[in-house]
Amino acid sequence: MNCDISPLQKARYSYQPKLPKALRSGQVDVKFGAPTEPKTHKEQIKALFPNTYGQPEVKLVEGSGNLATGPLKVGVVLSGGQAPGGHNVIAGLFDALKAANRESKLYGFLMGPKGVIQGKYRELTAEIIDSYRNTGGFDMIMTGRDKIEKPEELEACKTNFEQMGLDGLVIVGGDDSNTNAAVLAEYLKAQGCKTCIIGVPKTIDGDMKNEQIETSFGFDTACKLYSELIGNICRDAMSAVKYWHFIRLMGRAASHVTLECALQTHPNIALISEEIQAKGMTLREIVDYIADIIIKRSEAGKDYGVLIVPEGLPEFIPEIKRMIDELSTILATEEDYIQSLPDHNERLQYLSTKFDPHSGNFEVYGSLPPDIQEILLKRDSHGNVPLSQVETERLLIDLLRDKFRHMKAKGEKVPKFSPLAHFFGYEGRCVFPSNFDADYCYSLGYAAAQLVRAGLTGYTVNVQNLTKPADEWVAGGTPVTMMLNIEMRKGKEVPVIKKALVDLEGEPFKYFAANRDKWALEDCYVFPGPIQYYGPSEVCDAPTITLRLERGG
Ligand code: FBP
């Protein structure tokens, strides 16, 4: 089939992503830092990762170019949710391997970690790579949310790698997938298998970051896309002057996406889950807070506005979090049975016998709408609740309508309230990567190839100094074990990379908190417009406001 391609896609094929100077030089050396350790659970993690614990941080520097130059066979797999820039990670990896040795080969494992376990892959040739350069999506090799964890799965991977003669595997994923990278690296090292495992920090959620990893790729583009849409809605709201827009934004746990979009667009209300948790706010208190702003705006003659809410909110409301935790423990052993029950009422009935009668958690569960109750019964392979399916924006609208109805019944004055609900999530994950993400991802892939050439395993690749021009970026590797901590998942204690939540003492939140009262009542909306790929650098290359406030620049 001969499919058309858009003029932008055609133009983007020839965009040459920028690289840090040390990587461009072609004479790369690895500089080792001091040994590392995790912040908490040191002994537990050391016992679980005896072969990869304590490895030093590394930097990729311009030097004599003493990395391996022989032909390498390297695999790559995309894992978890799509994020703009994934194809550029693969392109960077490919170009770096070929630059070091034309005979090197890159294999793409298909449909996520399952493809690694089942040995399903295809060789990625120059022709394939060229038709995906600077494009969004993960469709070159697709993705999946499977986990490589059972002994037979680890063994299957090893067998496949040995049959392929694979020198390295690059796992592109978020916190869960990079944790998986650590588990696989440890297993292969213990078994004397030569395949090195390198992770790449990906997620639009922006929650895989720490001192070494400044941001996860995809966050920049997704936030810019959502901000464009929010800005357009703000303008629509102040034009029509009759609707309140309730917009839920993707981001499973942390509120980074919502905070960044708030900084970019100045909506009237932005809920930040981490603050709600810190203040211990109940659902009723959140509704009261929103109602107060709606009423004040109405009194000022503004029966319109824009609210943004992170999809992760439910898990940060203490009463709902406690309920979800108890439910997760029940599901750890009973999920299959509960799902096999014929209908919602039977499931509800059964659950009423399973919750601790003194915890109050069943009452909280029962107070939610049935469709949300059903979604809360599902878990992905990493034990996460599929929050992207919970329509929190509608729940808030319903609760506000109830509140205004009660107020009216008591004879109180109520505002005119015509709400509209939106969810911006999937539309932000396969966007053509912004110039920032195109450059960042290409650099991550290029650097990952150097870590494989250096024979390192159990590392997540990093590129730092991101608020500076790409020339001054510095690439390296962070040992995954230093990012681990122990958490409860599906009722069991397991090692996982700690998710970075919004820091309430950090500059991005402080800036938001200092301005939100003004944004609530006045119309201070900002309209970022669509992502620009060509034009002045301040329009096309600027990183997120979050990154600039966190890192300066
Ligand atoms: P990753 O953490 O795997 O990158 O995925 C993030 C995400 O986009 C979340 O924001 C969202 O809740 C989830 O994926 C949706 O998952 P799915 O694509 O399986 O519906």
Side-chain angles (χ1 to χ4, degrees), residues 77-87 89 111-114 136-139 141-148 171-181 199-210 213 215-226 229 247-261 272-274 308-316 324 372 374-376 378-393 422-431 433 437 440-441 444 460 483 487 489 496-502 546:
V77 62
L78 300 172
S79 177
Q82 293 81 278
H87 289 153
V89 173
M111 298 181 70
K114 186 170 62 184
F138 276 10
D139 42 311
I141 52 175
M142 296 154 288
T143 184
R145 286 201 182 276
D146 297 281
K147 206 171 169 183
I148 305 170
I171 299 181
V172 181
D175 49 345
D176 288 329
S177 310
N178 276 270
T179 300
N180 230 208
V200 178
K202 168 237 65 165
T203 175
I204 64 153
D205 295 359
D207 57 8
M208 192 181 161
K209 63 176 174 181
N210 48 45
I213 296 168
T215 186
S216 56
F217 82 74
F219 176 70
D220 183 274
T221 312
C223 289
K224 284 175 178 160
L225 186 278
Y226 301 143
L229 300 178
I247 307 170
R248 176 168 46 108
L249 294 171
M250 219 174 216
R252 190 204 305 281
S255 309
H256 299 294
V257 172
T258 296
L259 181 55
E260 171 64 21
C261 292
I272 302 298
S273 308
E274 290 80 348
I308 60 177
V309 51
E311 73 174 5
L313 179 71
E315 284 197 298
F316 287 76
I324 290 178
I372 296 185
E374 283 294 306
I375 294 164
L376 295 182
K378 297 179 196 155
R379 297 290 180 275
D380 72 9
S381 59
H382 298 276
N384 298 309
V385 182
L387 286 171
S388 62
Q389 295 167 35
V390 177
E391 298 189 320
T392 311
E393 69 287 14
H422 313 261
F423 171 44
F424 299 154
Y426 295 95
E427 43 281 84
R429 300 199 308 178
C430 289
V431 182
D437 269 328
Y440 180 42
C441 290
L444 286 168
T460 295
M483 298 187 279
E487 288 178 20
R489 291 284 175 96
V496 286
I497 294 177
K498 199 168 165 43
K499 268 192 203 310
L501 301 179
V502 167
T546 302

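Keep in mind that this is a model prediction, so the values were computed, not measured. Just so you know, residue 1 is the first one in the sequence shown, and it goes up from there. Whatever order the structure lists ligands and atoms in, that order sets their numbers, starting from 1. Side-chain atoms are counted along with the backbone in the values below, which use heavy atoms only and exclude waters and symmetry mates.
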Checking a contact table here: which protein heavy atom is nearest atom 3 (O) of ligand 1, and how many Å away? Gly81 N, 2.8 Å
Nearest protein heavy-atom contact for atom 7 (C) of ligand 1: which residue, which atom, what distance? Arg429 NH1, 3.6 Å
Near Gly251 (heavy-atom distance under 4.0 Å), the atoms of ligand 1 are 10 (O)
Is ligand 1 less than 4.0 angstrom away from at least one heavy atom of Gly174? no
Between ligand 1 and Ala83, can you find any atom pair, the residue atom being a heavy atom, that is separated by under 4.0 Å? no
Ligand 1 versus Glu311: contacting region, heavy-atom distance under 4.0 Å: side chain
Is there a side-chain contact between Tyr426 and Gln82 (heavy atoms, below 4.5 Å)? no
List every atom of ligand 1 that sits less than 4.0 Å from any heavy atom of Gly80, numbering the atoms from 1 in the order shown and giving each element. 3 (O)
In this structure, are over 12 heavy atoms from other groups packed under 6.0 Å from Met111 atom CE? no
Which is closest to atom 15 (C) of ligand 1 by heavy-atom distance: Met208, Arg145, Lys202? Arg145
Within a distance under 4.0 Å of any heavy atom of Tyr426, pick out the atoms of ligand 1 and give their elements. 15 (C), 17 (P), 18 (O), 20 (O)
Answer with side chain, backbone, both or neither: which part of Thr203 has a heavy atom less than 4.0 angstrom from an atom of ligand 1? both
Do ligand 1 and Met250 have nitrogen or oxygen atoms that lie under 3.5 Å from each other? no
pair Val77-Ile141: side-chain heavy atoms closer than 4.5 Å: no
Any side-chain heavy-atom pair from Thr546 and Lys209 closer than 4.5 angstrom? yes
Less than 4.5 Å apart, side chain to side chain, heavy atoms only: is that true for Ile204 and Pro84? yes
Between Asn180 and Lys147, is there a donor-acceptor pair closer than 3.5 Å when you use the side chain of the first and the backbone of the second? no
Donor-acceptor check, side chain of Glu374 to backbone of Ile372, threshold 3.5 angstrom: yes or no? no
Among all protein non-hydrogen atoms, which one is nearest to atom 10 (O) of ligand 1, and what is the separation to 0.1 Å? Asp205 OD1, 2.6 Å
Is it true that the side chains of Thr203 and Ser216 contain a donor and an acceptor less than 3.5 Å apart? no
